[in-house]
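Notes follow the structure.
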Amino acid sequence: MPSSEDRFSVRSSRAVKELIDSPGFNVEVRPPDPSITLPADHLEVRTTLLKYVAPSVAEDLQEHYFPVDEIHASWDSTGQPRASGELCLTNILICLTRWQAPLGDSTLARSDQEVLASLKVVDQEPFSGTGRVTGIRITSRDTEPEIWYHDTPRSRLTRMELSYGAYAETALATKGAFGWQYLFTDVNLSSPEFHAASRNLGESLALFSEAFPQYDYVPLVNRLEARL
């Protein structure tokens, strides 16, 4: 079990504070809802997860558990280059145990609409109002959950090449820079429809490399370059 300082709940709070404390960013934060009570006990969390997923999957989900309803930060850079982003990670127990209205997008193919309706939102951009969300899909208790990214403005639903834990870790490192999810999909970011996203990613990673040297952004920069 991770030490208290290494727990995801601690590191996620630290990631948001890093943005707030940096003079290079304007940040808005939606605090956790105090009316929502979630378990903090290790055994209780694991017992609940095991009702939905296999032990190996539960371990990954529990490692990235946080005992509040969401972790949120919306930000813009204060100077040049201009960059922006938003992360809003939803507690995994809320995703698995509470009803969510099915997502819909009539512009998608029928098969994609069915996938979209089966997703539980794990990340979104509520302050920015972009309509882009990331969802988790559990097709079988014994298989790794699928992570899908729905980009409403582009009418795209794309499966990401990430586990839930890897998604959560990358969301912290990127601070939710708009478009970062496409670094883990098979898309050509040099195409005109992705011009704004690729520019924002490049500028965000350059700013972060200076502002947050404790993170290794080289793999993400390499992923961006490979898709341009």
Side-chain angles (χ1 to χ4, degrees), residues 2-30 60-66 68 70-78 81-92 121-128 130 132-136 145 147-149 151 158-185 187 189 194 197-228:
S3 67
S4 59
E5 284 300 307
D6 289 334
R7 287 176 186 165
F8 185 79
S9 58
V10 174
R11 292 188 288 109
S12 59
S13 297
R14 185 186 305 142
V16 172
K17 188 174 186 300
E18 289 164 352
L19 271 173
I20 294 172
D21 290 347
S22 173
F25 304 94
N26 290 318
V27 185
E28 290 186 82
V29 174
R30 182 164 70 177
D60 179 51
L61 299 182
Q62 183 166 6
E63 187 176 336
H64 296 90
Y65 176 79
F66 46 90
V68 292
E70 66 182 27
I71 296 164
H72 176 266
S74 178
W75 56 271
D76 297 279
S77 60
T78 57
R82 298 310 300 267
S84 55
E86 182 173 9
L87 74 148
C88 187
L89 297 175
T90 303
N91 177 284
I92 191 61
V121 174
V122 294
D123 191 11
Q124 56 184 312
E125 298 163 2
F127 278 19
S128 307
T130 62
R132 293 186 287 257
V133 302
T134 302
I136 189 170
I147 305 297
W148 292 77
Y149 182 56
D151 188 337
T158 311
R159 185 174 176 181
M160 297 182 64
E161 304 162 357
L162 284 176
S163 66
Y164 171 81
Y167 183 95
E169 294 288 353
T170 310
L172 292 193
T174 62
K175 318 295 189 190
F178 290 135
W180 76 262
Q181 290 88 346
Y182 280 118
L183 297 178
F184 295 87
T185 63
V187 298
L189 289 177
F194 290 112
S198 59
R199 181 180 61 198
N200 186 69
L201 282 172
E203 292 171 349
S204 295
L205 293 175
L207 285 170
F208 292 165
S209 296
E210 291 283 334
F212 312 118
Q214 63 272 36
Y215 295 90
D216 180 11
Y217 290 103
V218 172
L220 297 177
V221 171
N222 291 342
R223 279 186 169 271
L224 176 59
E225 292 177 348
R227 286 159 176 76
L228 292 175

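- Using cut-offs of 30° and 60° for the angle between ring planes, the Y215 and Y217 rings count as tilted.
- Atom CD of E161 is separated from atom CD1 of I147 by 13.0 Å, given to the nearest 0.5 angstrom.
- Between A171 and L87, the closest heavy-atom pair is O-CD1, 4.2 Å.
- Applying the salt bridge (Lys or Arg N to Asp or Glu O under 4.0 Å) test to every pair with at least one member in residues 170-182, sequence neighbours left out, gives these pairs: E18-K175.
- Annotation: the span from E70 atom CD to C88 atom SG amounts to 3.5 Å, rounded to 0.5 Å.
- Smallest separation of non-hydrogen atoms from D60 and G165: OD2-N, 3.1 Å.
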Using side chain to side chain contact (heavy atoms under 4.5 Å, CB included), reason through W75 and I20 one step at a time and then give a plain yes or no. CA-CA 9 Å; W75 56 271; I20 294 172; over 6 Å; no
What's the verdict on ring-ring contact (aromatic ring centres under 6.0 Å, His included) for Y182 and Y149, showing C-alpha distance, side-chain angles and the deciding distance? CA-CA 8 Å; Y182 280 118; Y149 182 56; 5.3 Å; yes
Kindly determine whether S84 and N200 satisfy side chain to side chain contact (heavy atoms under 4.5 Å, CB included), including the steps that lead there. CA-CA 7 Å; S84 55; N200 186 69; 3.8 Å; yes
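- Every residue meeting the ring pair (Phe, Tyr, Trp, His ring centres under 6.0 Å) condition with Y167, not counting sequence neighbours, appears here in chain and number order: W180.
- Remark: the backbone N or O of F127 is paired with a side-chain donor or acceptor of E86 at under 3.5 angstrom.
- Within 6.0 Å of CD in E210 there are 12 or fewer heavy atoms belonging to other residues, nucleotides or ligands.
- Within the 4.5 Å cutoff, side-chain heavy atoms of V16 are placed close to those of V29.
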Determine whether T90 and Q124 satisfy the following criterion, side chain to side chain contact (heavy atoms under 4.5 Å, CB included), listing intermediate values before the conclusion. CA-CA 8 Å; T90 303; Q124 56 184 312; 4.3 Å; yes
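- S128 places no side-chain N or O within donor-acceptor distance of the main-chain N or O of E125, the cut-off being under 3.5 Å.
- Note that OH of Y164 is 10.0 Å distant from CD of E169, once rounded to the nearest 0.5 Å.
- Using a 4.5 Å heavy-atom threshold, the side chains of R159 and T185 count as separate.
- Among all heavy-atom pairs drawn from S198 and L228, the shortest one is CB-CD2, 3.8 Å.
- Atom OG1 of T174 is separated from atom CG of L205 by 8.0 Å, given to the nearest 0.5 angstrom.
- Using cut-offs of 30° and 60° for the angle between ring planes, the F25 and F208 rings count as tilted.
- Side chain of R227 to main chain of L189: no donor-acceptor pair is present (N/O by atom type, distance under 3.5 Å, no hydrogens or angles).
- At least one cation-pi condition fails for R11 and F66: the charged atom is not both under 6.0 angstrom from the six-membered ring centre and inside a 45 degree cone around its axis.
- Shortest non-hydrogen contact noted between P23 and T78 is O-OG1, 3.2 Å.
- No side-chain heavy atom of T170 sits less than 4.5 Å from a side-chain heavy atom of L183.
- Using a 4.5 Å heavy-atom cutoff, the side chains of F212 and L207 are not in contact.
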If you apply the rule side chain to side chain contact (heavy atoms under 4.5 Å, CB included), what do you find for V122 with L89, and how did you get there? CA-CA 6 Å; V122 294; L89 297 175; 5.9 Å; no
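- Atom-to-atom distance recorded for I71:CD1 and D123:CG is 10.0 Å, nearest 0.5 angstrom.
- Heavy atoms only, all atoms of each residue included: S77 and R82 are closest at O-NH2, 3.0 Å.
- The line from CG of N91 to NE2 of H64 is 14.0 Å long, rounded to the nearest 0.5 Å.
- The closest side-chain donor-acceptor pair between H72 and E28, if any, does not fall under 3.5 angstrom.
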